[in-house]
Protein chains: 2
Amino acid sequence: MTAPETLGDVTSLDPAVAARLKRDADGLVPAVVQDATTRDVLMVGWMDDEALHRTLTTGRGTYWSRSRQEYWVKGETSGHVQVVRGVRLDCDGDTLLVTVDQTGGACHTGDTTCFDADQLL
Amino acid sequence: MTAPETLGDVTSLDPAVAARLKRDADGLVPAVVQDATTRDVLMVGWMDDEALHRTLTTGRGTYWSRSRQEYWVKGETSGHVQVVRGVRLDCDGDTLLVTVDQTGGACHTGDTTCFDADQLL
């Protein structure tokens, strides 16, 4: 994927949104991903300004991989894509809620959600 | 509240759970809180081992405040308590999903959820 940064201001996150984001020390905010239909909490990804910008403008759930240090579009390799239905910022600007139409399982293990396997209570 | 640390091993997080937790540099994991009935995503709090231990053993949503650097029990001052119905750990051990019966609004603003006010998409 061509780095949108090379395309100039057209692809940068809306400054009015950027001004409301409160990022952690790595410039990231957690993004809770919820299935728009089943309302299952599917996963939590991480976004920087650019990942949020891409999510808002492409309509595909796009995250920053903290382990691989690169952007990833959910489903790009698995086919388990997320069509974004809505994005909301929380009251203190440090967490996103992304509602999606999820194709296939959201978890890389094949599970429907990343929270299916390990019940503590 | 008396610090449970003073009570010894009885109050420490189950080592089998602690071994599966992957904490950030501050020893914290995000906890997504979902209403067990409406399935709304209510808020995201942060937990260290002790907050998780207290949540699991008291049945009340208990978090670590990054701004105040102290534990807080949701609803302790507002009355908007969370009775914990379930706690799950995600596939890579770095995020919790807490399902609750929420009394009153979950957000300190009075809103039902912390994601009600700011819709980006």
Quiz item: If you tally heavy-atom pairs under 4.5 Å against chain A, which of B:V44, B:V41, B:D14 wins?
Solution: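 Of the candidates given, the most pairs with chain A belong to B:V41.
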
Practice problem: Considering only heavy atoms and a distance below 4.5 Å, find which of B:A25, B:C114, B:G93 pairs most often with chain A. | Solution: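 Of the options given, most contacts go to B:C114.
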
Donor-acceptor check, side chain of [X] to backbone of [Y], threshold 3.5 angstrom: yes or no?
| X | Y | result |
| --- | --- | --- |
| B:R39 | A:T38 | yes |
| B:D111 | B:C107 | no |
| A:K74 | A:A106 | yes |

Exercise. Under 4.5 Å heavy-atom distance to chain B, tell me which part of A:L96 shows up: side chain, backbone, both or neither.
Key: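 Both backbone and side chain.
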
Self-check item: Selection from A:V32, A:D90, A:V17 maximising heavy-atom pairs under 4.5 Å formed with chain B
Solution: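 Looking at each option in turn, the highest pair count goes to A:D90.
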
Self-check item: Options A:R66, A:Q34, A:M43, A:H108, ranked by heavy-atom pairs under 4.5 Å with chain B, top entry
Solution: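 Between A:R66, A:Q34, A:M43, A:H108, the count favours A:Q34.
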
Quiz item: Considering all heavy atoms of both residues, which atom of A:R60 and which atom of A:V84 are nearest to each other, and what is their separation?
Solution: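 Closest pair (atom of A:R60, atom of A:V84, distance): C-CG2, 3.7 Å.
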
Quiz item: Angle class for the A:Y63/A:W72 ring planes (parallel below 30°, perpendicular above 60°, tilted otherwise)?
Solution: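 Judged by the thresholds at 30° and 60°, the geometry between A:Y63 and A:W72 is tilted.
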
